[in-house]
Number of protein chains: 2
Amino acid sequence: MFAALGDPTRLAIFDRLADGKPRSISVLSDDADMTRQAVTKHLRVLEAAGLVQNHRVGRESQYAFCPEQLAEARAYLDQVAGRWESALMRLKSFVEEDPA
Amino acid sequence: MFAALGDPTRLAIFDRLADGKPRSISVLSDDADMTRQAVTKHLRVLEAAGLVQNHRVGRESQYAFCPEQLAEARAYLDQVAGRWESALMRLKSFVEEDPA
DNA sequence: TTTTTATGCAACTAAAAAGTTGCATTTTTT
DNA sequence: AAAAAATGCAACTTTTTAGTTGCATAAAAA
């Protein structure tokens with residue numbers, strides 16, 4: 001999922017969808033400087049990563065923001081940051097111990 | 001920087017360094033199932049993304065966890081999540097308004 | 001000082017990702 | 001019914017990324 005957000009085009013699409021409004025492939029392709037097919041591929045990568053959801057309505061396929069995986073990514077980063085913090089703490093108390 | 005964490009090998013290295021202990025390239029290569037050179041490349045990608053820091057001591061080059069960019073990533077995800085939340089709020093109040 | 005250990009550089013190969021093109025299909029619109 | 005709009009599928013090219021190999025160098029150890 002970091003890989004999915006790692007591509008600038010995908011990050012831009014994801015960011016754009018964060019306002020909650022679902023958008024069709026063609027709408028998302030309009031202001032991208034690449035083919036509709038390329039955008040389609042990116043959307044599928046985002047979908048596979050669980051970052052967006054897709055449902056077909058009539059002839060168009062709407063992609064919408066999906067918050068679950070986002071939360072998971074945040075949780076992971078928090079966990080790493082937490083480990084780092086406690087490592088710092090241990091280091092600190094090690095330095096401060098044994099004043100003799 | 002999402003791209004840097006997007007590779008499983010790099011994520012593993014990064015995760016491992018989160019205990020705060022700096023490690024040399026060879027130490028990090030020992031239990032990786034790839035060449036030392038490959039690990040070196042990954043470390044440089046992580047360094048370029050500001051996720052780890054490197055400093056040479058004697059003949060070995062020690063890589064250590066670097067928290068700044070991590071915080072930035074968290075901030076970004078928080079911001080996206082925040083936008084999503086307020087979009088939900090607006091939608092909710094739109095639905096609830098105008099009971100007439 | 002000879003030998004090991006830890007690393008860097010550069011050229012190369014291989015594989016995955018990004019993007020394009022052409023054509024077919026389905027749903028709207030006219 | 002015919003035309004237009006929105007997609008999907010598949011094959012293909014291009015670019016990047018991952019990983020390897022061989023050789024050179026600097027520091028530490030014997």
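These figures come from a predicted structure and were not determined experimentally. To find a chain, count down the sequence lines: A is the first, B the second, and so on, and within it residues start at 1.
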To the nearest angstrom, the NE2-C1' distance between A/H55 and D/dA6 comes to 15 Å
Starting from P on C/dT27, measure out to CD1 on A/I25 and report it in whole angstrom.
15 Å
For B/L43 and D/dA18, what is the distance between atoms CG and C1' respectively, to the nearest whole Å?
14 Å
Check every strand shown and say whether A/E60 touches a base, only sugar-phosphate, or nothing at a heavy-atom separation below 4.0 Å.
sugar-phosphate
The residue, A/A3 or B/N54, whose nearest nucleotide of DNA chain C is more 5′ is B/N54
I'd like to check A/K21 versus A/V27 (side-chain heavy atoms, cut-off strictly below 4.5 Å). Are they in contact?
no
With a 4.0 Å limit, can you tell me whether A/S24 has a side-chain N or O closer than that to the phosphate oxygens OP1/OP2 of D/dT7?
yes
I want to check one thing: is the phosphate of C/dA18, taken as OP1 and OP2, less than 4.0 Å away from some side-chain N or O of A/R10?
yes
Would one find a side-chain N or O of A/R44 under 4.0 angstrom from OP1 or OP2 of D/dC9?
yes
Reckon A/T35 has a side-chain N or O less than 4.0 Å from the OP1 or OP2 of C/dG19?
no
Take atom NZ of B/K41 and atom C1' of C/dA14, then tell me their distance rounded to the nearest Å.
12 Å
Of A/R59 and A/R56, whose closest DNA chain D nucleotide lies nearer the 5' terminus?
A/R59
Nearest whole angstrom, please: distance from the P of D/dT17 to the CZ of B/F2.
17 Å
With the threshold set at 4.0 Å, does a side-chain nitrogen-carboxylate oxygen contact exist between A/K41 and A/D7?
no
Minimum side-chain heavy-atom gap A/I13-A/L46 below 4.5 Å:
yes
Of D/dA18, D/dG8, D/dG19, the nucleotide closest to the side chain of B/A38 is D/dG19
What nucleotide among D/dG8, C/dG8, D/dG19 has an atom nearest to a side-chain atom of B/T40?
C/dG8
Specify the separation, in whole Å, of atom NE2 of B/H42 and atom C1' of D/dT17.
9 Å
Below 4.5 Å, heavy atoms only, C-beta onward: do B/F14 and A/V80 meet side chain to side chain?
yes
Any side-chain heavy atom of B/L51 within less than 4.5 Å of one from B/L5?
yes
A/D7 CG to D/dT17 C1': how many Å, rounded?
13 Å
In whole angstroms, how far is the P atom of C/dT13 from the CD atom of B/Q37?
17 Å
